Number of protein chains: 2
Amino acid sequence: MNYQEAKEKFISTWGSLGSLWGINKAMAQIQALLFISTKPLSMEDIMEELKISRGNTSMNLRQLMDWGIVTKEIIPGERKEYFTTEKDVEELARHIAKERSRRELKPVLKVLKEVSNIDSDQSEETEELKKQTKALHDLTQQADDMLNKIADQDLNWVTKTFIKIMR
Amino acid sequence: MNYQEAKEKFISTWGSLGSLWGINKAMAQIQALLFISTKPLSMEDIMEELKISRGNTSMNLRQLMDWGIVTKEIIPGERKEYFTTEKDVEELARHIAKERSRRELKPVLKVLKEVSNIDSDQSEETEELKKQTKALHDLTQQADDMLNKIADQDLNWVTKTFIKIMR
DNA sequence: TTAAACTTTCAATAATAATTGAAAGTTTAT
DNA sequence: ATAAACTTTCAATTATTATTGAAAGTTTAA
């Protein structure tokens with residue numbers, strides 16, 4: 001396998017994994033491309049490499065920025081915007097863990113709490129609903145705790161950033 | 001919120017969370033329905049409750065059985081097949097963790113290993129590809145280890161099952 | 001062995017999600 | 001102020017995935 005083949009295989013595999021876990025393919029592929037790029041890429045670069053449209057590229061780059069894993073890079077003297085992704089896999093994991101907790105798990109926890117706390121009546125059905133959704137709430141809470149543990153692994157982020165800026 | 005409302009809210013929310021994480025809605029909803037049911041349900045029951053077709057129900061039940069989280073229950077004297085889901089959330093988590101590791105993470109790990117092990121050449125690009133996919137491999141391996149830790153939490157499964165059978 | 005009761009399969013259809021591309025919007029240089 | 005260079009938006013289109021329903025398949029009872 002040569003460089004080009006390996007690159008394509010990586011990008012396509014990462015895209016498929018994304019789909020499997022509810023992340024759109026283009027988004028995952030853009031991230032993958034930036035992740036192995038040695039320099040920031042422009043929208044043109046990305047469009048050309050992945051053969052996707054301008055609109056698609058623009059929208060998915062925005063989403064990646066919303067997730068906090070891609071940032072704009074201003075290159076002095078250049079009109080175009082350039083993009084880079086977080087290159088540190090641990091930081092990447094932190095951002096993703098944090099966002100999935102916030103967007104997806106938190107709202108579900110809220111519903112599970114509501115449902116498991118409805119008033120008891122005499123019926124067996126209601127008791128089962130309450131009991132089982134309570135158990136699911138606790139499990140989901142555990143999963144959420146785990147994600148947040150990952151997300152907070154780096155409590156010295158401020159310090160680290162400070163050092164980066166200072167040197 | 002009364003029983004019926006709570007039930008519907010739970011089933012619909014669980015279905016949406018499923019979609020978000022790459023699990024088809026009907027599959028998640030069938031599991032949710034069984035999860036709060038006080039007794040095994042037939043295909044008719046499920047079709048009626050969720051307002052989905054016979055074919056859809058059949059296919060998704062099969063998938064749930066493949067995942068190991070739903071089982072057929074034979075009720076003596078009944079022609080119909082009845083279904084139950086694993087009621088213990090921890091067992092549920094184990095099955096899901098194990099399957100997602102096996103189906104989704106393992107194949108990706110293989111590709112990441114291949115890609116990160118391509119021959120070095122002089123180029124910076126190749127080195128970056130190797131370095132970054134290696135890092136991603138290690139991270140994915142960590143995630144996979146975590147899933148398997150969950151999956152194997154219950155190393156005394158055999159013992160437990162044995163006890164269940166014996167008593 | 002037949003037929004009723006039930007389940008599975010799968011081609012057709014529908015629903016959902018991703019993608020395009022061109023018009024509108026923004027920024028920068030002169 | 002103007003226009004070139006670039007980005008964003010969004011209605012229309014296309015691709016993907018889920019769902020239906022009826023025919024084929026299977027099991028059971030008599």
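Chain identifiers are assigned alphabetically (A, B, ...) following the order of the sequence lines, protein sequences preceding nucleic acid strands; residue numbering begins at 1 within each chain. Side-chain atoms are counted along with the backbone in the values below, which use heavy atoms only and exclude waters and symmetry mates. What you see is a predicted model; the values in this text were computed from it and never measured.
For the salt bridge (Lys or Arg N to Asp or Glu O under 4.0 Å) condition, the pairs that include at least one residue of residues 7-24 of chain A, sequence neighbours left out, are A:Lys7-A:Glu49, A:Lys9-B:Glu114. Pairs passing the salt bridge (Lys or Arg N to Asp or Glu O under 4.0 Å) check and including a residue from residues 118-127 of chain A, sequence neighbours excluded, do not occur. Applying the side chain to side chain donor-acceptor pair (under 3.5 Å) test to pairs two or more places apart or on separate chains, those with a residue in residues 51-62 of chain B are B:Glu44-B:Arg54.
In this structure, A:Ile46 atom CD1 and C:dT20 atom P are separated by 14 Å, rounded to whole Å. The nearest whole Å value for the distance from the CE atom in A:Met47 to the C1' atom in C:dT19 is 12 Å. Whole-Å rounding puts the A:Leu50 CG to C:dT20 C1' distance at 15 Å.
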Please report, to 0.1 Å, the donor-acceptor pairs under 3.5 Å made by any side chain of residues 22-34 of chain A, with sequence neighbours excluded.
from    : atom 1 : to      : atom 2 : distance (Å)
A:Asn24 : OD1    : A:Ala26 : N      : 2.8
A:Asn24 : OD1    : A:Met27 : N      : 3.1
A:Gln31 : NE2    : A:Thr85 : OG1    : 3.1

Problem - Reading 5' to 3' through nucleotides 7-23 of chain D, protein heavy-atom contacts under 4.0 Å coded B for base, S for sugar-phosphate only, - for none - result: BBBB-------SSBB--

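Residues meeting the salt bridge (Lys or Arg N to Asp or Glu O under 4.0 Å) test with B:Lys72, sequence neighbours left out: B:Glu81.
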